[in-house]
Amino acid sequence: MRIGEIAALVGVTSRTVRHYHHIGLLPEPARRTNGYRAYTVRDAVLLARIRRLTEIGLSLDEVRDVLADDAGRELAEVLGELDADLARQEREIHGRRQVLAALLAAPPSSDGPLSPALAALLEHAPATGSPAAAKDREHLALLDAAGDETGAAVFAALRPLAEDPAVLGLYERLDELERARADDPRIAPLAAELVAAVPDEVLAVLPAGEPSATGLGRVLLDDYPPAQREVVRRVMEGLAGRVRGREGS
C-alpha cells in the first residue's frame, strides 16, 4: 500500500501519517525502488491502533507508551483486539441511533429533546407548578444529557416516586423555604422525609460515590437558595448513609 491508500483505509489523512513518521510514532516502512513507501497490513494495524488511542483522549506521548507495551505481541492478537473495539463502537452507534429515532418520533416538548427513559418518567409525573419540581426536571435533564445507561436505570427506578402524589406536598414544602434562612427549623424534618421517600431501587443504580456534595452535586447545590440548599445537602448525606448501610449489610 502507498501512503494515500493506508491513510484512506484507516480513516486518517496522509499528512497525519507523515506527522506520525516525523515524531517517530509510526516507523517508516521500506521503500520501493521508485522511492515510494510500501506499507503492510501490520503498518495499517499499528496506524489504526494509534488512531483509536488518540480518539479516546490519550496524548501522543501516552500512545507511545502503550505501543511500547504492545511490542512483540502477535498480529492476530492485536487484530482481535481491534475487531472487538470496532464491535463495541457498532453497538454504541446502534444504541445512539435508537435514541435518536425515538426523539425524532416524539412530539416537540418544551423540555427539549429527551431520552425515551426520561420522557417516560416525566409522562407519569403529576402536573405541578412547583418551582422546586421544575428545578428537579432540569437536573434530570442534565443527567439525561450524559446519555449513558446509568441515567436510564435511575429514571426507571424513580418511576414509583414520580407517581406518588405525596411527593407534590414535599415539593410545596421545599418551595416554602425559598426565602428562608439556612437554620430554619423546617429544614431537618423535610430532609428526613425526602430521604425516606427515595426507593431502595434508586440507590441500587446510583454510580459509585453518589450522591455526593462534590462535583455535580456541588453544582446542583449552588443552584438553590440557602435554606433549600441545606435541605438538599442533608438529603445527599442521608442517601449516602443509606447507600453505605446497604453496602455494609
Side-chain angles (χ1 to χ4, degrees), residues 1-106 112-118 141-156 205-210 212 214-216 219:
M1 287 181 288
R2 292 171 60 174
I3 189 168
E5 294 170 328
I6 189 175
L9 177 64
V10 176
V12 298
T13 64
S14 297
R15 183 176 180 180
T16 297
V17 178
R18 293 191 185 95
H19 176 63
Y20 290 160
H21 286 322
H22 178 70
I23 64 176
L25 193 58
L26 183 66
E28 284 273 0
R31 290 182 180 264
R32 297 191 178 97
T33 55
N34 59 9
Y36 289 119
R37 298 180 180 92
Y39 294 93
T40 65
V41 172
R42 182 172 285 277
D43 294 320
V45 169
L46 179 56
L47 182 58
R49 179 78 164 144
I50 294 171
R51 178 191 173 188
R52 282 298 303 133
L53 292 171
T54 57
E55 283 179 344
I56 63 176
L58 269 65
S59 69
L60 293 181
D61 285 339
E62 291 171 327
V63 171
R64 194 188 309 276
D65 291 339
V66 172
L67 295 180
D69 292 338
D70 282 350
R73 292 172 65 195
E74 292 295 328
L75 177 59
E77 182 181 355
V78 178
L79 284 172
E81 182 179 308
L82 286 172
D83 182 65
D85 188 56
L86 288 172
R88 178 189 57 77
Q89 292 180 64
E90 287 180 343
R91 291 193 297 271
E92 289 181 353
I93 291 173
H94 178 68
R96 291 172 184 170
R97 291 195 66 191
Q98 285 185 314
V99 171
L100 179 59
L103 294 177
L104 290 172
L114 302 175
S115 71
L118 180 54
L142 181 60
L143 176 61
D144 191 44
D148 57 19
E149 295 180 358
T150 298
V154 171
F155 301 148
V205 296
L206 286 177
E210 295 296 339
S212 168
T214 62
L216 177 59
V219 173

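These values consider heavy atoms only, across backbone and side chains, with no hydrogens, waters or symmetry-generated copies.
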Return the CZ to CZ distance between R32 and R2, rounded to the nearest 0.5 Å. 7.5 Å
The side-chain contact (heavy atoms from CB on, under 4.5 Å) partners of T54 (sequence neighbours excluded) come to Y20, I50, L60, V63
In this structure, OG1 of T13 is separated from NE2 of H19 (nearest 0.5 Å) by 10.0 Å
When rounded to the nearest 0.5 angstrom, what distance separates CD1 in I3 from CZ in R18? 4.0 Å
Of the non-hydrogen atoms in P27 and H21, which two are nearest, and what is the gap between them? O-CE1, 3.2 Å
For P29 versus A38, what's the shortest heavy-atom pair and its separation? CB-O, 3.4 Å
What residues form a side-chain contact (heavy atoms from CB on, under 4.5 Å) with E55, not counting sequence neighbours? R51, R52
CG-CG distance between L53 and L67, expressed to the nearest 0.5 angstrom: 6.0 Å
Walk me through whether M1 and T40 qualify under side chain to side chain contact (heavy atoms under 4.5 Å, CB included). CA-CA 6 Å; M1 287 181 288; T40 65; over 6 Å; no
Going by heavy atoms in the side chains, are L9 and Y39 under 4.5 Å from each other? no
So, do S14 and I6 sit near enough that their side-chain heavy atoms are less than 4.5 Å apart? no
Criterion side chain to side chain contact (heavy atoms under 4.5 Å, CB included) on V45 and R49, from CA distance to verdict: CA-CA 6 Å; V45 169; R49 179 78 164 144; 5.5 Å; no
